[in-house]
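A short write-up of the structure that comes next.
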Amino acid sequence: PKAGVGGSNPSGGASYCLSREGESLACGNARLRTMAPGDTARLYHRLSSYSGDPRSEWPTPIDHPLVLQDFAPNHRPTFPAPRKRYPDGLPSVELPAAWPPVPAPTIDLLAGRHRTVSTPLDLGGLARLLHLSAGVVRVAVRRDGRRFLFRPAGSAGGLFPLELYVSARRVSGLRDGVHWYDPVAHALRLVAPPATGDATTIVVTGIPWRTGWRYAERGLRHLYWDAGTMLANTLALAEAGGHRPGLLTRFPDAATARLVGADGRQEFPLAIVSLGSGAPAIGPRGEAAIGSIDVAPVEFPLVTLTQHA
């Protein structure tokens with residue numbers, strides 16, 4: 001995005017607004033300059049690196065206008081919601097809780113030696129793929145009442161800051177459209193009309209607040225680390241099922257965010273996985289239903305700036 005700077009404020013900084021394609025992404029007070037390619041990433045890494053007393057569990061934030069100075073990480077009363085929520089009334093499909101075994105030796109699959117036959121995706125195959133990527137496999141309740149919903153792939157702090165959407169095209173047993181995966185109910189909820197494109201596509205988004213609750217600005221790193229860990233499962237599962245997965249980390253961010261109803265600040269797309277041949281189904285044809293991230297999620301301007309650089 002472009003960073004426009006101007007005005008003044010009592011703290012001596014300058015007002016700024018981050019924008020993309022005419023859309024305001026974040027505003028605040030900072031001293032910013034036009035950045036050369038790569039400078040934003042270097043700035044992010046410098047400002048989100050651990051510093052100060054190495055014995056301190058929560059280092060003092062670096063003094064910079066893009067870093068929240070009064071944010072209290074790991075504050076138990078604000079423990080983040082473990083998943084999004086949507087209004088009642090959206091069409092919902094319960095996914096099968098069991099599926100036929102897939103005869104693919106793990107070692108051969110990971111080594112690229114296993115050859116599978118291309119298999120059309122049906123509701124059972126999709127249920128297997130979603131549950132073993134991001135479904136809830138265990139629940140732990142702490143003495144203070146906090147609930148941790150553990151998934152098949154690990155996550156920093158047990159926070160699992162990812163959401164999955166399925167842009168379905170010709171999946172047997174499922175209506176075409178964009179569906180949000182509810183990991184608790186193991187169900188799909190229709191949130192948007194069918195997208196343009198030929199191949200059913202999984203869109204993975206990140207929720208900065210959910211991991212930032214513990215790691216503050218450093219949480220952007222965890223979004224991508226956690227996504228990579230989960231996607232290793234997703235790709236192996238899809239390959240074993242004969243669904244011909246294709247991982248894309250470069251895609252039209254704004255259009256993909258609109259496709260799933262992500263605002264680009266509290267939620268943004270990280271990666272997409274196409275299943276089968278043809279162009280990924282990621283072209284929005286209408287507005288998506290808007291889900292709730294949490295009661296009062298905190299935005300981290302440095303994370304917003306870096307994600308959209």
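Sequential numbering from 1 along the given sequence is applied to the chain's residues.
- Listed for the Thr211 side chain is no donor-acceptor partner under 3.5 Å among the backbone atoms of Ile207.
- The CG atom of Leu302 sits 9.0 Å away from atom CG of Leu68, with the distance rounded to the nearest 0.5 Å.
- Linking Ile, Leu, Val, Met, Phe, Trp and Tyr whenever their side-chain heavy atoms come within less than 4.5 Å leaves Val203 and Val166 in two separate clusters.
- The aromatic rings of His222 and Trp225 sit perpendicular to each other, their planes meeting at more than 60°, with 30° as the lower class boundary.
- Identified under the ring-ring contact (aromatic ring centres under 6.0 Å, His included) test for residues 185-206, with sequence neighbours left out: His131-His186, Tyr181-His186.
- A donor and an acceptor atom, one from each side chain of Gln307 and Tyr224, are located under 3.5 Å apart.
- Residues Leu220 and Leu231 share a hydrophobic cluster, clusters being chains of Ile/Leu/Val/Met/Phe/Trp/Tyr side chains in contact below 4.5 Å.
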Give the table of side-chain donor-acceptor pairs shorter than 3.5 Å for residues 267-288, with sequence neighbours excluded, one pair per line with atom names and distance.
unit_1: Glu267; atom_1: OE1; unit_2: Lys84; atom_2: NZ; d: 2.9
unit_1: Glu267; atom_1: OE2; unit_2: Tyr165; atom_2: OH; d: 2.7
unit_1: Glu267; atom_1: OE2; unit_2: Thr205; atom_2: OG1; d: 2.7
unit_1: Ser274; atom_1: OG; unit_2: Gly246; atom_2: O; d: 3.4
unit_1: Glu287; atom_1: OE2; unit_2: Arg258; atom_2: NE; d: 2.9
unit_1: Glu287; atom_1: OE2; unit_2: Arg258; atom_2: NH2; d: 2.9

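- The ring-ring contact (aromatic ring centres under 6.0 Å, His included) test applied to Phe300 returns Phe71, not counting sequence neighbours.
- Counting heavy atoms from C-beta on, the side chains of Leu164 and Met230 come closer than 4.5 Å.
- Residues forming a side chain to side chain donor-acceptor pair (under 3.5 Å) with Ser155 (at least two apart in sequence, or on another chain): Asp226.
- Residues in residues 236-263 take part in no ring-ring contact (aromatic ring centres under 6.0 Å, His included) pair, two or more places apart or across chains.
- Transitive grouping of hydrophobic side chains (ILVMFWY, heavy atoms separated by less than 4.5 Å) brings Trp213 and Val67 into a common cluster.
- Note on Val171: it clusters hydrophobically with Leu132, by side-chain heavy-atom contacts below 4.5 Å among ILVMFWY residues.
- Remark: Asp88 pairs with no residue by the salt bridge (Lys or Arg N to Asp or Glu O under 4.0 Å) rule, at least two apart or across chains.
- In this structure, Leu90 is a member of the same hydrophobic cluster as Leu259, with clusters built from ILVMFWY side-chain heavy atoms closer than 4.5 Å.
- The backbone N or O of Gly264 lies less than 3.5 Å from a partner atom in the side chain of His308, making a donor-acceptor pair.
- Taking CD from Glu217 and OG from Ser49, the interatomic distance works out to 12.0 Å, rounded to the nearest 0.5 Å.
- Annotation: side-chain hydrogen bond (donor to acceptor under 3.5 Å, both in side chains) contacts involving residues 97-117, sequence neighbours excluded, comprise Asp108-Arg113, Thr116-Arg244.
- Nearest heavy-atom pair across Ser133 and Leu237 is OG-CD1, 3.8 Å.
- The side chain to side chain donor-acceptor pair (under 3.5 Å) search around Arg170 returns none, not counting sequence neighbours.
- Between Ile290 and Pro87, the shortest heavy-atom contact is O-CD, 3.9 Å.
- Side chain of Thr201 to main chain of Ala199: a donor-acceptor pair is present (N/O by atom type, distance under 3.5 Å, no hydrogens or angles).
- With hydrogens and angles ignored, the 3.5 Å screen pairs no side-chain donor or acceptor of Glu94 with any backbone N or O of Leu188.
- For the atom pair CG (Asp263) and CD (Glu299), the distance works out to 8.0 Å, reported to the nearest 0.5 Å.
- Here the closest non-hydrogen pair linking Gln69 and Asp63 is NE2-CA, 3.9 Å.
- Not one N or O on the side chain of Arg210 forms a donor-acceptor pair closer than 3.5 Å with the backbone of Asp294.
- Applying the under-4.5 Å side-chain rule to Ile, Leu, Val, Met, Phe, Trp and Tyr, the cluster around Val295 consists of that residue alone.
- Residues that satisfy the side chain to side chain donor-acceptor pair (under 3.5 Å) test with Ser48, not counting sequence neighbours, are Arg221.
- Between Arg189 and Asp182, none of the side-chain N atoms (NZ, or NE/NH1/NH2) sits under 4.0 Å from a carboxylate O, so this pair counts as no salt bridge.
- Residues Pro152 and Val137 share a closest heavy-atom pair of CG-CG1, 3.8 Å.
- The number of heavy-atom neighbours closer than 6.0 Å to CZ of Arg146, taken from other residues, nucleotides and ligands shown, is above 12.
- A donor-acceptor pair is defined here as one N or O able to donate and one able to accept, closer than 3.5 Å; no such pair exists between the side chain of Ser167 and the backbone of Thr200.
- Note that the CZ atom of Arg138 and the CG atom of Leu149 stand 11.0 Å from one another [nearest 0.5 Å].
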query: Run the side chain to side chain contact (heavy atoms under 4.5 Å, CB included) check on Leu159 and Trp209 step by step: do they pass?
result: CA-CA 10 Å; Leu159 296 169; Trp209 158 240; over 6 Å; no
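- How far CD1 of Ile202 is from CG of Leu129: 4.5 Å, rounded to the nearest 0.5 Å.
- The side chain to side chain donor-acceptor pair (under 3.5 Å) search around Arg76 returns Asp144, not counting sequence neighbours.
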Taking distance alone, no hydrogens or angles, what donor-acceptor pairs closer than 3.5 Å link side-chain atoms of residues 118-125 to residues at least two apart or in another chain?
unit_1: Thr119; atom_1: OG1; unit_2: Val117; atom_2: O; d: 2.9
unit_1: Asp122; atom_1: OD1; unit_2: Gly124; atom_2: N; d: 3.3
unit_1: Asp122; atom_1: OD1; unit_2: Gly125; atom_2: N; d: 2.8

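- Inspection of the Trp180 and Glu163 side chains reveals an N or O donor paired with an N or O acceptor under 3.5 Å.
- Looking at every heavy atom in both residues, Leu223 comes nearest to Gly206 through CD2-CA, 3.9 Å.
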Check against side chain to side chain contact (heavy atoms under 4.5 Å, CB included), Phe160 and Val136: CA-CA 10 Å; Phe160 302 95; Val136 176; over 6 Å; no
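- Taking every heavy atom of both residues into account, Arg169 and Asp198 meet most closely at CB-O, 3.5 Å.
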